[in-house]
Protein chains: 2
Amino acid sequence: MNLRERKKRRTRDALLRAALELFATRGYEETTVDDIAAAVDVSQRTFFRYFAGKEETAFYVPRLAETQVVEAVRARPPGEAPLEALRRAVLESWDRINETIEEIVPVELHMRVYRVIESTPALLAAHLRRAAELEEELARIIAEREGLDVDADPRPRIVVALFGGVIRVTERLWSAGDDLTLEGMRQLTATYLDQVGPALAGNWRTEQSP
Amino acid sequence: MNLRERKKRRTRDALLRAALELFATRGYEETTVDDIAAAVDVSQRTFFRYFAGKEETAFYVPRLAETQVVEAVRARPPGEAPLEALRRAVLESWDRINETIEEIVPVELHMRVYRVIESTPALLAAHLRRAAELEEELARIIAEREGLDVDADPRPRIVVALFGGVIRVTERLWSAGDDLTLEGMRQLTATYLDQVGPALAGNWRTEQSP
DNA sequence: AGGCTAATGACAGTCACTGACAATTGACAA
DNA sequence: TTGTCAATTGTCAGTGACTGTCATTAGCCT
């Protein structure tokens with residue numbers, strides 16, 4: 001990797017870190033692209049040559065995490081039931097995700113940015129749209145595992161929708177609480193996934209929830 | 001209602017219709033606020049006095065539909081199981097929604113705009129964010145029905161997430177297909193909701209889906 | 001060293017949106 | 001009916017995200 005490439009990577013990383021730092025401290029809406037560019041001492045135009053938009057910087061790290069999850073699902077043994085495969089895939093990949101993140105930015109910074117995403121309307125919207133795309137991808141994977149046609153059989157999409165819904169609920173609860181650790185999120189997710197069975201079966205009024 | 005009020009309503013309706021017509025024919029991104037204002041012959045500033053933003057016009061009608069659904073859920077007899085109550089509420093309220101829409105714009109126009117929403121990234125994102133808010137509201141209603149505390153018991157949110165997920169899947173399938181009627185959407189939703197049970201129980205590989 | 005190409009900066013323009021102020025217009029009492 | 005008051009609107013100027021263009025700079029390769 002020659003000087004040119006190294007310089008490019010450095011500028012991109014610097015822009016990314018500057019952006020995330022600003023988002024986490026000052027807030028997303030309160031940070032202008034000019035602020036980010038100025039912090040790295042490049043022109044605004046250069047920022048837009050590295051990132052398609054302000055949003056892209058906020059979602060750079062989350063994208064890495066997504067990739068891990070999708071791959072983890074692909075790697076699950078075909079014998080597992082769909083919901084079980086999804087469950088194990090997320091929990092397992094979250095165990096490994098710390099290192100992936102730390103290569104780019106401090107995990108603690110990422111966690112603060114994650115909260116900003118959940119609490120900034122524009123970012124939350126973008127996040128949910130991306131989640132929908134991911135669900136489509138996962139539905140295809142699940143359908144393939146089970147030897148079904150996604151477009152003919154609704155079941156893969158339904159299970160994935162349930163799963164995605166639970167994940168999103170835990171994300172929101174986590175970001176609203178005060179335990180910002182990755183471990184806290186993992187824990188919350190596991191608890192909620194455990195509740196899927198009880199939530200769908202039996203009579204709620206006669207059965208307590210743990 | 002005096003002249004002043006009548007005039008206001010007329011301008012607002014005209015702006016709304018002009019916007020939706022433009023979105024449906026030319027596309028959302030291809031329509032500028034200036035275009036909409038010009039079509040009604042008012043200043044751009046006036047547009048922003050009636051609508052908080054361009055998006056708001058696109059979501060005006062959907063908001064009415066949401067309200068109907070939420071009220072329909074509230075009106076369900078307490079004896080019904082949560083998922084059953086939600087199911088009946090949507091299907092039933094969609095039967096009545098035609099008239100509500102027609103008071104504002106032709107239903108056919110609304111259907112075309114709905115497709116634009118599903119196919120325009122920025123609008124889809126906003127739509128999904130709103131859907132998340134709605135789910136939160138529904139979760140609270142369900143929890144109340146069952147005499148539970150939403151913040152302590154995960155089950156209401158899980159059921160609502162499942163339900164919302166199924167609705168969103170059908171919305172996307174519907175908007176990708178070529179039956180743009182409300183009836184077609186109702187039908188698709190009913191079919192998918194019927195599949196929730198089969199999707200979550202049993203072994204897919206040994207059971208065909210209708 | 002010098003020519004080639006990629007990266008950058010500077011500049012101008014578009015579009016969504018906002019604040020401020022002046023002009024207009026309906027409402028309502030005298 | 002008229003005059004006053006308040007609401008509605010238009011105009012203008014400005015911000016912030018983004019894009020296209022073109023000249024300049026800087027690494028690369030012979």
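Convention: sequence-line order gives letters A, B, ...; per-chain numbering from 1.
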Send over the distance from B/R12 CZ to D/dT9 C1', rounded to a whole Å.
-> 18 Å
Is a salt bridge present between B/E136 and A/R172, judged by a nitrogen-to-oxygen distance below 4.0 Å?
-> no
Contact class for B/Y50 vs. all strands (heavy atom < 4.0 Å): base, sugar-phosphate, or nothing?
-> sugar-phosphate
Roughly, in whole Å, what's the span from CD in A/E56 to C1' in D/dC18?
-> 13 Å
Donor + acceptor pair across side chains of A/T191, A/D194 (<3.5 Å) | no
Could you say whether A/Q44 or B/T46 is positioned toward the 5' end of DNA chain D, judged by the nucleotide with the nearest heavy atom to each?
-> B/T46
Checking B/V113, B/I104, B/T25 against B/L20 for side-chain contact (heavy atoms from CB on, under 4.5 Å), the one that qualifies is B/V113
Enumerate, atom names and distances included, each donor-acceptor pair closer than 3.5 Å involving a side-chain atom of residues 88-98 of chain B, sequence neighbours excluded.
from, atom 1, to, atom 2, distance (Å)
B/R88, NE, B/E80, OE2, 3.2
B/R88, NE, B/E84, OE2, 2.9
B/R88, NH2, B/E84, OE2, 3.0
B/E92, OE1, B/R76, NH2, 2.6
B/E92, OE2, B/R96, NH2, 2.8
B/S93, OG, B/A89, O, 3.1
B/S93, OG, B/V90, O, 3.1
B/D95, OD1, B/R186, NH1, 3.0
B/D95, OD2, B/R186, NH1, 3.0

B/K8 NZ - D/dT9 C1' separation (whole Å) = 12 Å
Salt bridge B/E135-A/R168, side-chain N to carboxylate O under 4.0 Å | no
Below 4.0 angstrom, N of the basic side chain to O of the carboxylate: do A/R74 and A/E71 qualify?
-> no
Span of DNA chain C engaged by chain A, first through last nucleotide within the 4.0 Å heavy-atom cut-off, is C/dA6 to C/dA10
Mapping B/E5 and B/G53 onto DNA chain C by nearest heavy atom, which one lands closer to the 5' end?
-> B/G53
Let me know, please, whether B/E55 or A/S43 comes out on the 5' side of the other along DNA chain C by nearest nucleotide.
-> A/S43
Parallel, tilted or perpendicular: ring planes of A/H127 versus A/Y114, cut at 30 and 60 degrees | perpendicular
Taking D/dT21, D/dC28, D/dG10 as options, the one with an atom nearest any side-chain atom of B/R49 is D/dG10
Length of the line joining A/I36:CD1 and D/dG16:P, which is rounded to integer Å | 12 Å
Over how many whole Å does the gap from A/K54 atom NZ to D/dT19 atom P extend?
-> 14 Å
Quick note, B/R45 side chain, CB onward, closest among D/dT11, D/dA17, D/dC28 is D/dT11
Could you state the atom-to-atom distance from CZ of A/F51 to C1' of D/dT19 in whole Å?
-> 18 Å
